Structures are given as C-alpha cells and as structure tokens.
Amino acid sequence: MSNPESSLSEQQQIRLEKLEELREQGINPFPTKFDVSHYSKQILSDDNLISETQESGSRVSIAGRVMTRRIMGKASFFTIQDSEGIIQVYIRRDDVGVEEYNTIFKKLVDIGDFVGIKGFVFKTRTGEITVHAEEFTFLGKTVRPLPTPKEVENEAGEIVKYDAFSDKELRYRQRYVDLVVNPDVRDTFIKRTKMVQTMRNFMNECGYLEVETPILQPIYGGAAARPFTTHHNALDMPLYLRIANELYLKRLIVGGFDGVYEFSKDFRNEGLSRFHNPEFTQVELYVAYKDYNWMMDFMEKMIEQVAISLHGSTRVNVGVHEIDFKRPWPKIPMYDAIEKETGHNLYGKTDEEIESIARSLDIHIEEGMGKGKIIDEIFGEFVEPKLIQPTFITDYPIEMSPLAKKHGTKEGLVERFEAICNGKEIANAFSELNDPVDQRKRFEDQARLRSDGDDEAMTIDEDFLRAIEYGMPPTAGIGIGIDRLAMIMTNSESIRDVLFFPLMRPE
RNA sequence: GAAUCGGUAGCUCAGCUGGUAGAGCAGCGGCCUUUUAAGCCGCGGGUCGAGGGUUCGAGCCCCUCCCGAUUCACCA
C-alpha cells in the first residue's frame, strides 16, 4: 500500500487529521520522553498508595496506551495499558483544564494512543483502584485503529470476550497487534523466555560454556534434513544455513572445553505444519567424560526445574492431559517399546525381516528407505503418539544414528535416547561417537544412502573427521527442541503460537 | 503436495430458494462530573480475497487463482 489518501479507511483519515490538529494546538504528537514512576501492577497491588483525599495522597506517574474510554461529559474514565497490565484513570475537566480536557482528551485522543498521567490513586464507588489524573500528557499518536476487544465477567463468573482479535492469520502476520490486545500471548512469550533462562542458568551453574558457532556453513551436518542454500559472493562459494550445530560443538570438545552449549536457530527446508517452522530453535549441549545415561539424568533435572520455575509445580496441563515432569522418567529401549505396541520383536532381525514386519503393519515403504528409517517409521506410527508423560526411548538402530557410539552390549544398536513428551520428540541425545575410523565408515554409509536417493542422508565432513582424529574424549551430547518444549510448557497447540513471527506466505 | 472449512466495514460476525449489503463494538456530531461491554439521541463508513463465466440481475451459482486454519504426507 503506497498510501494514496483514497486507500485509507475513514478512521485512518480522521486520525491523520487529528494528528495535524494536535500540531496546530501546539502539542507534539510524538514527544521524546516521559518520567514513569509506577507500573499499573505496582499500583494495583499496593494499598498504601490509595489515598482518602486528594491532598493526602502520594503522586504516581504512569504511561501507556489508551485502551477503553467512557466519556461522561465533564469527567471520564479510561484505561491505559502498560507493560505490566491495565489500570483505570479518572479525569475531570476541572482538574486538568478545559482546553486539555475538551479539546485534547475528548477530541484528539483515540484508543491506542500513548498518554502519560500524573495523579493520585483512589478507589471508585465500585471498588476499582484508579488513578485520578491531575496532569495529562500526550505521548504518541496511533493513526491506525486498534481492534477493541472487551472482556466482561457474567453472572456465572465466567469471562466473556467480545470482539476478540481472533483471526489467526491477522494475529500471526501482525503479532504487534496480537500482543497489544491479547494478554495471553504476552504471557506465552514471557514463559518461553523464562524457560530458556532457566535452562541457561542451569547449564551455567554446572560450569558449561555458552558458545556461538557458524550459522553459515560450507558443509551442513549433524542431522538428517534438507538445508537452505545460499551463496557467498566474494568467495564465490555455496553456503548452507545450519541444520544443526552438533559437529561444531564437538570440535570444541576436541579443543579442550569440557562442557559447551549453544541455543541455536537451525534451518530446515521442509514443509510447514503445526509442529514445524523452517527456522526453529534448539539447545545443544556436549559434556566430556559423560555418556547418554548421565545425560538422561541431566535432562530430567533440568526440565523438571523448568516446569517448577514456570508453573511452581512439576505438573503441567497440556490439552486434555496433565503432564508430570517429576523425575525419574521411565526409560524404555526402543525395540521393547515397539514390541509392546506391535507384538514384534526386532532384536536380531535382518533387513528383509524388518521390511516384511513393516509391510504387515501397513507402514508405507519407499525406495531407498534404509532399515533405520523403516524402524523409525514403525516407532513414529505405533509408539511415539502414545507417549504422553515424559519418557526416554533408548538404544536406536545404528543405521539411523551415524554420529552415535555403538552400544556397549547390544549388537546393531547405538547409545542414543530420545525424550518423548505429549506424543512428540523433545530431545535427542547420545554417547558421541569419538572413534574416527568408525565415524568415517558411518559417513561413508550415509554417502551410500545418499546416492541411493535419500536426500536427507549426511555428507562426509572431512574437517570434522580430522578434528576427531586429533582425539576426542568420551562425550555425551544432547539437542533439546526449544519450540516443542515451549509448546508443552505453555499449552500451545501450534508452533506458531510460540514463535513471535512464524513464517507466512507474503500477503 | 492432497482433502475439508473459511476470507463480507478498523475488529467480531449475520446475510434465506440469486433481487442492488446489515448488527455489535470502534468512528463522527450531540447530552452526560465515580463509569466499567457506561448510557441516551443522531450520522457516516464496503473493490463482499482476485479474475473470469452463467443470468435481466451474483456476497450467494460455475471455473481459475491468491491467502489462512485444520487434518494427512515429510520433518524436530
């Protein structure tokens, strides 16, 4: 919209006219500052601020957006919203002046405008804590009308919403508006941040080092996924946006750090869904001299702590379920879990036997699907959706885990676990493969899968091999999906509800 | 990528078997000095997602396309 005046709505035109009128009245519609003494929440929660008479009260100074207005001639109530909440303001012509009240407040202020109020705190007849305005300052004009949702408590004590800003497309595309008018959205994102902070503190207290590794990578690796491709002009070379940061973090373990972690935006060129956004966040952690059993213990402790810090309890309501993060979480070997749900025991089975079992279970098998992938399909179909409470699934087939160490005792398996919760994977971890000869062989197997048509199979990373050839200590590594975990911790149905700006097609 | 549902005023929605578009909130003009979905009187506001077709006439029927939600498929 290159904004010819005719394309503006009536309300936008009127607001632009008011903007000019403010200037003509000698009022700067966009002043630079205002001294705030209190937030709405402080005022509402501190009875000491309430004064019986105008003279006795201490003064407060608040600022925010005008959200509702009730004009009753020479006096009005309106509410302003600041970063902590909403508070009501009472303003009278005889307190702030005829000009300020009649011309500015009543005629030129709209819902959505920023204002500053100085005054004292009192309680109205109906008991609502309210700021009685003595000074009114204009702080910023909004020229586009904000949605005007209303909430009211009915006789049954239920909150009824009117005119909620509920169109999901508009909410995702105009998150700024969503945040202004839907307080729940704000809470969700605050929880997400608190979740990350809890994890960061937890890892810092363990002495692990937060690091940053490349997002633009000449060779992508560390996961099975299709990448985004880009190009560096000066070097005239292709680059990939990382799909994981595993291989770089392990290079740092080689370099002598005993514990490193990174909260990383990763990028996978896949479809969009309720559970998938092309860019997403995970935290990866690598700790030297530990194995995957230790890591299960670590994860339980950390996530239990997250639940407690967000909800004050290990129990979290998610959809129809109550999920309890209290440790210890059950640990079930993958093949045992599959046997329990399907009756088929996969231990020691050949590729052909597994493929025929999969067919008997109506698993869709495609050309180039390796044994590991087929087993993963069976697991994803029959087991994963049933795991609501947090559960560790352990000991994965070697074919689907090219970076994990072979199992100490179980042939054909690796020391790997996934944490499953609410029917979805939230973490993936293993005892890291540090045998460079074995690692090279696994990469070569991946290269073979790739040439057989699996475009998600890994490519050989010679520099990574060189690194671990210099020697890597035994190491446990984990990746935890931050978005998925945030969905659970905030009871959100879609990944878009825990991303400020989910990817959308252009308008 | 497939299926289903949806897109009408700034927001939330109604719109019958096809007959020239409505409500509440928001806005504008009034009245109103403790209201709270404030109230009362009056008024304005629309490329009905886009384009084509059928028809005397299309928000509504048909076709194509765009955008979204949900489910499925792939993936974390």
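The sequence lines fix the lettering, A, B, ..., with proteins before strands; numbering per chain opens at 1. This one's a predicted model, so the numbers in the text were calculated from it and none came from an experiment.
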Original post:
Does the pair Arg173(A)/Glu169(A) count as a salt bridge with the N-to-O cut at 4.0 Å?
Top reply: yes

**OP:** With P as the reference atom in both, quote the distance from rG22(B) to rG44(B) in angstrom, rounded to an integer.
**Re:** 12 Å

Original post:
Expressed in whole Å, how much space separates the C1' atoms belonging to rU35(B) and rC40(B)?
Top reply: 15 Å

Original post:
Does NZ or CZ of Lys141(A) come closer than 6.0 Å to the centre of the six-membered ring of Phe30(A), within 45° of the ring's axis?
Top reply: no

Original post:
How is Glu10(A) classified with respect to the nucleic acid when contacts are heavy atoms under 4.0 Å: base, sugar-phosphate, or nothing?
Top reply: base

Original post:
Does rA69(B) have OP1 or OP2 sitting under 4.0 Å from an N or O in the side chain of Arg274(A)?
Top reply: no

**OP:** In whole angstrom, give me the gap between the P atoms of rG46(B) and rC56(B).
**Re:** 30 Å

Original post:
Taking the same atom, P, in rG52(B) and in rC16(B), what whole-Å distance lies between them?
Top reply: 24 Å

**OP:** Would you kindly give the CZ-to-C1' distance between Phe275(A) and rU70(B), to the nearest whole Å?
**Re:** 12 Å

Original post:
What nucleic acid atoms does Ile111(A) come within less than 4.0 Å of, heavy atoms only: base, sugar-phosphate, or nothing?
Top reply: sugar-phosphate

**OP:** Could you check whether Leu146(A) gets within reach of a base, just the sugar-phosphate, or nothing at all, counting any heavy atom under 4.0 Å?
**Re:** nothing

Original post:
Quick one: is rC11(B) close enough that its OP1 or OP2 comes under 4.0 Å of any side-chain N or O from Arg171(A)?
Top reply: no

Original post:
Partner of rG18(B) by Watson-Crick or G-U wobble geometry, both contacts under 3.5 Å, or none?
Top reply: none

**OP:** Assign each of Pro147(A) and Phe122(A) to its nearest nucleotide of RNA chain B by heavy atoms, then name whichever residue's nucleotide is nearer the 5' end.
**Re:** Pro147(A)

Original post:
Which nucleotide in the list rU34(B), rC28(B), rG10(B) gets nearest to the side chain of Tyr90(A)?
Top reply: rU34(B)

Original post:
Aromatic rings Phe500(A) and Phe189(A): how do their planes relate, parallel, tilted or perpendicular, breaks at 30° and 60°?
Top reply: parallel

**OP:** In whole angstrom, give me the gap between the P atoms of rC25(B) and rA21(B).
**Re:** 23 Å

Original post:
Would Phe417(A) and Tyr396(A) count as a close aromatic pair, with their ring centres under 6.0 Å?
Top reply: no

Original post:
Base, sugar-phosphate, or nothing for Asp95(A), non-hydrogen atoms under 4.0 angstrom?
Top reply: nothing

Original post:
Does the base of rG10(B) carry an N or O that pairs as donor and acceptor with the side chain of Gln11(A) under 3.5 Å?
Top reply: yes

**OP:** Sort out the partner of rA58(B) for me: Watson-Crick or G-U wobble, both distances under 3.5 Å, none otherwise.
**Re:** none

**OP:** Hey, which sits more toward the 5' end of RNA chain B by its nearest nucleotide, Asp163(A) or Asp167(A)?
**Re:** Asp167(A)

**OP:** Salt-bridge test for Glu418(A) and Arg416(A): reply yes if a basic N is under 4.0 Å from a carboxylate O, no otherwise.
**Re:** yes

**OP:** Calculate the interatomic distance between Met67(A) atom CE and rA37(B) atom P; express it in whole Å.
**Re:** 16 Å

Subject >> Between Tyr101(A) and Ser76(A), a side-chain donor and acceptor under 3.5 Å >> reply: yes

Original post:
Taking any strand in view, what nucleotide pairs with rU70(B) in a Watson-Crick or G-U wobble way, both distances under 3.5 Å?
Top reply: rA3(B)

Original post:
Given that both distances must come in under 3.5 Å, which nucleotide forms a Watson-Crick or G-U wobble pair with rG42(B)?
Top reply: rC28(B)

Original post:
How would you label the contact of Tyr162(A) with the nucleic acid (heavy atoms, under 4.0 Å): base, sugar-phosphate, or nothing?
Top reply: base

**OP:** Calculate the interatomic distance between Met504(A) atom CE and rC67(B) atom C1'; express it in whole Å.
**Re:** 8 Å

Subject >> ring-ring contact (aromatic ring centres under 6.0 Å, His included) between Tyr90(A) and Phe77(A), intermediate numbers included >> reply: CA-CA 5 Å; Tyr90(A) 180 55; Phe77(A) 286 95; 4.7 Å; yes

Original post:
Between atom CD1 in Ile87(A) and atom C1' in rU35(B), what is the gap in whole Å?
Top reply: 15 Å

Original post:
Under 4.0 Å between a side-chain N or O of Lys150(A) and OP1 or OP2 of rA26(B)?
Top reply: yes

**OP:** Determine the contact category for Gln282(A): base if any of its heavy atoms lies under 4.0 Å from a base atom, sugar-phosphate if only primed atoms, P, OP1 or OP2 are that close, otherwise nothing.
**Re:** nothing

Subject >> Gap in Å between the two P atoms, one belonging to rU8(B) and one to rG51(B), rounded >> reply: 15 Å

**OP:** Tell me whether the OP1 or OP2 atom of rA38(B) has a side-chain N or O from Arg70(A) closer than 4.0 Å.
**Re:** yes

Original post:
Is there a side-chain polar atom (N or O) of Arg125(A) under 4.0 Å from OP1 or OP2 of rU35(B)?
Top reply: yes

Original post:
Has the side chain of Thr124(A) got a donor or acceptor atom sitting under 3.5 Å from an opposite partner on the base of rU35(B)?
Top reply: yes

Subject >> Distance-minimising heavy-atom pair for Phe325(A) and Ala307(A) >> reply: CD1-CB, 4.0 Å

**OP:** Ignoring the backbone of Lys373(A), work out which of rC74(B), rC13(B), rA26(B) is nearest its side chain.
**Re:** rC74(B)

**OP:** Ignoring backbone atoms, test whether Lys107(A) places a side-chain nitrogen or oxygen under 4.0 Å from the OP1 or OP2 oxygen of rG30(B).
**Re:** yes

Original post:
With rounding to whole Å, what would you report as the distance between rA58(B) and rU54(B) at their C1' atoms?
Top reply: 10 Å

Original post:
How is Ala164(A) classified with respect to the nucleic acid when contacts are heavy atoms under 4.0 Å: base, sugar-phosphate, or nothing?
Top reply: sugar-phosphate

**OP:** Specify the separation, in whole Å, of atom NZ of Lys141(A) and atom P of rG27(B).
**Re:** 10 Å

**OP:** Using a heavy-atom cut-off of under 4.0 Å over every strand shown, decide if Arg173(A) touches base, sugar-phosphate, or nothing.
**Re:** sugar-phosphate

Subject >> Carboxylate-amine/guanidinium contact Arg192(A) Asp483(A), below 4.0 Å >> reply: yes

Original post:
Do the side chain of Glu128(A) and the base of rU34(B) come within less than 3.5 angstrom through a donor-acceptor pair of N or O atoms?
Top reply: no

Original post:
Is rG51(B) paired to anything, Watson-Crick or G-U wobble with both distances less than 3.5 Å, and if yes, which nucleotide?
Top reply: rC63(B)

Original post:
What is the nucleic acid contact for Glu377(A), judged by heavy atoms within less than 4.0 Å: base, sugar-phosphate only, or nothing?
Top reply: sugar-phosphate

Original post:
Should Arg144(A) be listed as having a side-chain N or O under 4.0 Å from OP1 or OP2 of rG10(B)?
Top reply: no

Original post:
With respect to the side chain of Met72(A), which nucleotide from rA69(B), rC28(B), rA38(B) is positioned closest?
Top reply: rA38(B)

**OP:** Output the single nucleotide from rU12(B), rG27(B), rC25(B) whose closest atom is nearest the side chain of Asp110(A).
**Re:** rG27(B)

Subject >> N/O (side chain, Arg505(A)) to phosphate O (OP1/OP2, rA69(B)) under 4.0 Å >> reply: no

**OP:** Give the rounded distance in Å between these two atoms: CG of Asn269(A) and C1' of rG1(B).
**Re:** 15 Å

Original post:
Base, sugar-phosphate alone, or nothing: which one does Ser76(A) contact when heavy atoms must sit under 4.0 Å apart?
Top reply: nothing

Original post:
How far does the C1' atom of rU70(B) sit from the matching atom of rC62(B), given to the nearest Å?
Top reply: 26 Å

Subject >> Whole-Å gap separating P (rU34(B)) and CD1 (Ile129(A)) >> reply: 20 Å

Subject >> Nearest-angstrom distance from the residue atom CD of Glu21(A) to P of rC28(B) >> reply: 13 Å

**OP:** Decide yes or no on ring-ring contact (aromatic ring centres under 6.0 Å, His included) for Phe105(A) and Phe136(A), but give the supporting numbers first.
**Re:** CA-CA 8 Å; Phe105(A) 174 73; Phe136(A) 175 90; 5.7 Å; yes

